[in-house]
There are 2 protein chains.
Amino acid sequence: MNAVQALETATADACCAPAARPLLGAEDAQDRARILKALSDPNRLRLLSIVKSGDGGEACVCDLTEPLDLGQPTVSHHLKILVDAGLLSREKRGTWAYYSLVPGALEAASESILAL
Amino acid sequence: MNAVQALETATADACCAPAARPLLGAEDAQDRARILKALSDPNRLRLLSIVKSGDGGEACVCDLTEPLDLGQPTVSHHLKILVDAGLLSREKRGTWAYYSLVPGALEAASESILAL
DNA sequence: GGGATTCATTGATGATGGTCAATATTCGGG
DNA sequence: CCCGAATATTGACCATCATCAATGAATCCC
């Protein structure tokens with residue numbers, strides 16, 4: 001289970017609870033912070049933006065290296081962080097690796113802020 | 001102008017643009033990342049949660065130190081980060097400092113994720 | 001099969017961040 | 001005016017992070 005999946009189960013649990021004493025539990029907070037940390041880098045935000053608006057909702061690494069003015073290893077590193085956070089999914093077709101948004105992941109992250 | 005205010009003007013500019021080449025500009029990305037970075041720590045999320053649910057929508061430092069199991073200087077440090085990010089506001093009454101949510105700030109942060 | 005291409009991984013480095021102990025500051029009360 | 005309480009600030013320490021150069025792994029094409 002990746003980070004976004006953990007987040008969704010956690011927020012589902014919290015939806016009907018009458019807000020006990022520690023309003024936001026330590027574990028829940030850690031789950032949410034994990035996702036938000038992946039979103040807290042400007043280059044990663046731009047990566048998500050490019051992927052989201054890419055043709056077919058996807059983009060390969062070669063499309064992402066140039067507009068960010070970063071080295072290819074650095075871009076791969078950021079993409080890995082986004083995949084590990086459950087925000088992006090990776091599909092390898094031939095020599096190329098195509099990244100696309102995980103459906104609902106950004107909405108879940110957004111909700112984790114509103115539902116504090 | 002704090003970080004949330006900069007974020008609001010930036011997203012307002014982007015709302016009607018036909019999405020030029022660099023879909024999310026470097027400066028806009030940096031503004032959004034600044035807010036999200038303030039939200040990317042579990043203890044700060046819990047601080048926001050406690051403040052939001054506090055009596056009158058506010059809480060003083062003495063109410064925040066114990067439930068987080070952190071030292072008082074650390075809590076003050078986190079609160080300063082949240083204030084600088086434009087998420088919390090500080091009002092000193094007597095010896096106590098009361099923190100409260102800046103209206104619309106969480107909603108703006110949430111939107112900065114959805115509007116990638 | 002060999003070379004070229006695309007991407008991931010490793011290792012290193014400088015910068016940033018979270019935490020605490022100690023100290024400073026500000027304010028109310030006697 | 002001085003004392004105690006609440007909070008902020010400073011300095012230090014260790015961990016994490018963003019980045020790059022170099023290398024490795026997988027795939028396609030001739």
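In what follows, every chain begins at residue 1, and chains take the letters A, B, ... in the order their sequences are listed. In what follows, every heavy atom counts, from backbone to side chain, and hydrogens, waters and symmetry copies are set aside.
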If I take atom [atom1] in residue [X] and atom [atom2] in nucleotide [N], what distance separates them, rounded to the nearest angstrom?
X	N	atom1	atom2	answer
Arg90(A)	dT9(C)	CZ	P	7 Å
His78(B)	dT7(D)	NE2	P	16 Å
Asp63(A)	dC7(C)	CG	C1'	13 Å
Asp69(A)	dA18(D)	CG	P	17 Å
Leu47(A)	dC7(C)	CG	P	13 Å
Leu64(A)	dT6(C)	CG	P	14 Å
Leu82(B)	dG18(C)	CG	P	10 Å
Tyr99(B)	dA8(D)	OH	C1'	8 Å

A cation-pi test, strictly: NZ or CZ of Arg90(B) under 6.0 Å from the centre of the six-membered ring of Tyr98(B) and no more than 45 degrees from its axis. Yes or no?
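Verdict for Tyr98(B): no cation-pi partner in Arg90(B).
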Does Ala109(B) offer a backbone N or O that forms a donor-acceptor pair with the side chain of Ser112(B) under 3.5 Å?
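It does hold such a pair.
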Please identify which of these residues, Leu106(A), Leu101(A), Leu47(A), meets the side-chain contact (heavy atoms from CB on, under 4.5 Å) condition with Leu116(B).
Leu106(A)
Mapping Pro73(A) and Val75(B) onto DNA chain D by nearest heavy atom, which one lands closer to the 5' end?
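It is Val75(B) whose nearest nucleotide is closer to the 5' end.
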Atom pair CG (Leu70(B)) and CZ (Arg46(B)), whose distance is rounded to the nearest 0.5 Å
8.5 Å
Looking at CD1 of Ile50(A) and CG of Leu24(B), how far apart are the two atoms once the value is rounded to the nearest 0.5 Å?
8.5 Å
Of all heavy-atom pairs between [X] and [Y], which one has the smallest distance, and what is that distance?
X	Y	result
Thr65(A)	Gly71(A)	CG2-C, 4.2 Å
Leu64(A)	Val75(A)	CB-CG1, 4.1 Å
Val61(B)	Ser76(B)	CG1-OG, 4.5 Å

Closer than 4.0 Å, any side-chain N/O of Thr74(B) to the OP1 or OP2 of dT19(C)?
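So the side chain of Thr74(B) is outside the cut-off, no N or O lying under 4.0 Å from OP1 or OP2 of dT19(C).
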dT19(D), dT7(D), dG18(C): which one has an atom nearest the side-chain heavy atoms of Ile81(B)?
dG18(C)
Taking the minimum atom-to-atom distance to the side chain of Ser76(A), which one of dA18(D), dC20(C), dC7(C) wins?
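For Ser76(A), the side-chain atoms sit closest to dC7(C).
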With 3.5 Å as the limit, what N/O pairs link the protein to nucleotides 12-17 of chain C?
none

Base dA8(D) to side chain Gln72(B), donor-acceptor N/O within 3.5 Å cut-off
yes
Above 12 or not: heavy atoms from other molecules or residues under 6.0 Å from CD of Glu27(A)?
no
I'd like to compare against my own output: the B/S/- annotation of nucleotides 25-30 of chain C with a strict under-4.0 Å heavy-atom distance to protein.
--SS--
